[in-house]
Amino acid sequence: MSLSKNNVFDFFKKEPILCTALALALLTSIFSLPKMGYINFKVLILLFNLMVVEAAFSDLKVLDSIAISLLKKCKSKRGIEFSIVFITFIAAMIVTNDVALLTFVPITLIIGKKTNVSVMKLVILQTLAANLGSSFTPMGNPHNLYTYYLYEISPINFLKLTLPMTLLSIIFLIILMLRGKNEILQFKLEDIKIKNKNKVVCFSILLLIILLSVFQIVSYKWVFLITLIMVFCLDFKLLKKIDYSLLITFICFFIFTGNISHMDMFRNFMEKMLNGSLNTYLAGIFASQIISNVPATMLLAGFTQYPNELILALDIGGMGTLIASLASIISYRLYIGVYKEESNKYLKKFTAYNIIGLVVFIPVVYILNFILF
């Protein structure tokens, strides 16, 4: 019995968001009978398609190879910072913030060991870059993809909405990187050779097709079929590397939000709380700090008529506390896995940079949105 309890506790520690979502789905199902129509299969299929390509690129070391080639040309600390931060920023727009950090933070940690220079600030800047860069596109993070389809926003309008914040993000990251001394660094990184270039070409083409489906140029159903065919033909093992816990979490939240939307008392309360653009904006940012921006999206999205403010709030809400974006936890764990004794120092510095980000972004982005839209 004790072993069973330990297993449950260990699973909860590993998947707290999934466990919480499952508990909420089950609890609300007691009061409101769930329906299959609550589940947005389009979002789930698109997430699955993107995960397949991400897993393939990870296996083939595509992003690692690009990063190593770029970093080998850098001779100074500032050159390394600009290269690694902005490659993380750009990659997060396409392969999500999680994958960008899982790929590039380990490279940063290797550089830190080889040069004997602290890379804490650089890892924190990478985390900011991943969260901010992923905000630009619908597929950059799961909550963008969800709101993009929920509110049926056109690709052009979505990019118009997030572009001002993206430009502000670039300026913000440059200012942070220009603070501090520059110095010449000498280090040697081993080349990463891509063994199967044909697979890289195939999965790159698949990524392009998937992006066309995200931007509603090609049917996502046909793309799902193409993705499955390519996986079975090229690498069946990729199916074992999909983050199914995220997909199940989304299903649970779909059921939870569907259930509560049919509870008059709760629906009336939420609609009253989110009855203005500023209310929605601040609620999205605040909720993200406590429960992370993906669950906050699922909780708030169905009760507001201000999608622009909600999308921007949830993207900004990725800054702040460590749990505001689950991607931030990834880089934290990777860092303290190498520098265990610097856990508290990392958290303090991370929080300081993120608070600065919130102080800058909250008023500026809201004002820009008010002026432009």
Side-chain angles (χ1 to χ4, degrees), residues 61-93 95 97-134 166-193 318-320 322 325 327-361:
K61 303 292 183 182
V62 176
L63 297 177
D64 308 66
S65 179
I66 294 170
I68 295 297
S69 299
L70 183 62
L71 289 169
K72 288 181 75 173
K73 298 176 183 178
C74 300
K75 304 299 181 184
S76 67
K77 183 179 179 182
R78 189 158 292 160
I80 291 169
E81 286 185 350
F82 270 78
S83 297
I84 200 71
V85 166
F86 279 111
I87 196 172
T88 305
F89 184 80
I90 294 168
M93 297 178 184
V95 296
N97 48 0
D98 292 4
V99 174
L101 290 173
L102 283 168
T103 302
F104 299 123
V105 169
I107 295 173
T108 302
L109 296 174
I110 291 171
I111 293 172
K113 287 295 183 182
K114 287 183 176 290
T115 60
N116 202 28
V117 170
S118 174
V119 290
M120 181 185 293
K121 176 186 173 183
L122 182 51
V123 172
I124 292 170
L125 289 177
Q126 277 182 274
T127 307
L128 282 168
N131 288 329
L132 292 171
S134 68
T166 304
L167 296 175
L168 177 62
S169 300
I170 293 170
I171 296 168
F172 178 64
L173 290 169
I174 290 173
I175 291 172
L176 290 180
M177 283 187 284
L178 289 177
R179 289 173 53 86
K181 296 179 181 179
N182 190 20
E183 56 184 291
I184 303 299
L185 294 179
Q186 292 184 345
F187 60 94
K188 188 176 181 180
L189 296 173
E190 295 181 9
D191 288 324
I192 296 178
K193 294 182 179 179
M319 293 185 287
L322 186 67
S325 169
S328 300
I329 298 175
I330 291 173
S331 51
Y332 167 71
R333 286 177 175 169
L334 288 171
Y335 185 84
I336 65 169
V338 178
Y339 302 99
K340 294 180 178 65
E341 70 284 356
E342 296 187 4
S343 174
N344 291 334
K345 187 177 178 182
Y346 181 96
L347 287 173
K348 288 178 182 177
K349 198 163 190 175
F350 174 88
T351 304
Y353 275 91
N354 277 265
I355 288 174
I356 291 170
L358 286 178
V359 169
V360 171
F361 277 72

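Quick note: numbers below take in every heavy atom, side chains included, and nothing from hydrogens, waters or symmetry partners. Values in this document were obtained by computation on a predicted structure and should not be read as measured data.
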Applying side-chain contact (heavy atoms from CB on, under 4.5 Å), run through Arg333 and Ile329 and close with a yes or a no. CA-CA 6 Å; Arg333 286 177 175 169; Ile329 298 175; 3.6 Å; yes
Exercise: identify the closest heavy-atom pair between Val105 and Ser331: CG2-CB, 4.1 Å
Minimal non-hydrogen separation, Ala130 against Ala92, with atom names: O-CB, 3.4 Å
Looking at Lys61, is its backbone amide N or carbonyl O close enough to the side chain of Ser65 to form a donor-acceptor pair, meaning the two atoms are under 3.5 Å apart? no
Is a side-chain N or O of Lys114 found less than 3.5 angstrom from the main chain of Lys188, in a donor-acceptor match? yes
Contact between Ile111 and Leu189 at the side-chain level, heavy atoms closer than 4.5 Å - yes or no? yes
CG on Asn97 to CG on Leu128, rounded to 0.5 Å: 12.0 Å
Value for NZ (Lys77) from CD1 (Ile184), rounded to nearest 0.5 Å, stands at 12.5 Å
Is any side-chain heavy atom of Leu347 closer than 4.5 Å to a side-chain heavy atom of Tyr332? yes
Identify the two heavy atoms, one from Ile68 and one from Ile107, that lie closest to each other, and give their separation to 0.1 Å. CD1-CG2, 4.1 Å
Counting only N and O atoms by type, is there a donor-acceptor contact under 3.5 Å from the side chain of Lys72 to the main-chain atoms of Asp191? no
What one should report as the nearest heavy-atom pair of Ser83 and Leu70 is CB-CD2, 3.9 Å
Ring-ring centroid check Phe172 Phe361, cutoff 6.0 Å: yes
Could you measure the distance from the NZ atom of Lys348 to the NZ atom of Lys345? Nearest 0.5 Å is fine. 10.0 Å
Only one of Phe104, Tyr335, Phe89 forms a side chain to side chain contact (heavy atoms under 4.5 Å, CB included) with Gln126, so which one is it? Phe104
Do Tyr353 and Thr127 come close enough that some side-chain heavy atom pair is under 4.5 Å? no
Which distance, rounded to the nearest 0.5 Å, do you find between the CG of Asn182 and the CE of Met177? 12.0 Å
More than 12 heavy atoms of other residues, nucleotides or ligands under 6.0 Å from CD of Glu183: yes or no? yes
Is any side-chain heavy atom of Leu71 less than 4.5 Å from a side-chain heavy atom of Ile87? no
How many angstroms lie between OG in Ser325 and CG in Asn354, if you round to the nearest 0.5 Å? 9.5 Å
Report yes if the side chains of Phe82 and Leu178 come closer than 4.5 Å at any heavy-atom pair, otherwise no. yes
Leu132 side chain reached by Met319 side chain, heavy atoms, under 4.5 Å: yes
Can you confirm whether Leu125 sits close enough to Thr88 that some side-chain heavy atom of one is under 4.5 Å from a side-chain heavy atom of the other? no
Interatomic distance, Asp98 atom CG to Asn131 atom CG [nearest 0.5 angstrom]: 8.5 Å
Measure from the side-chain N and O atoms of Ser343 to the backbone N and O of Lys340, and report whether any donor-acceptor pair falls under 3.5 Å. no
Do Lys121 and Lys349 touch side chain to side chain, with heavy atoms closer than 4.5 Å? yes
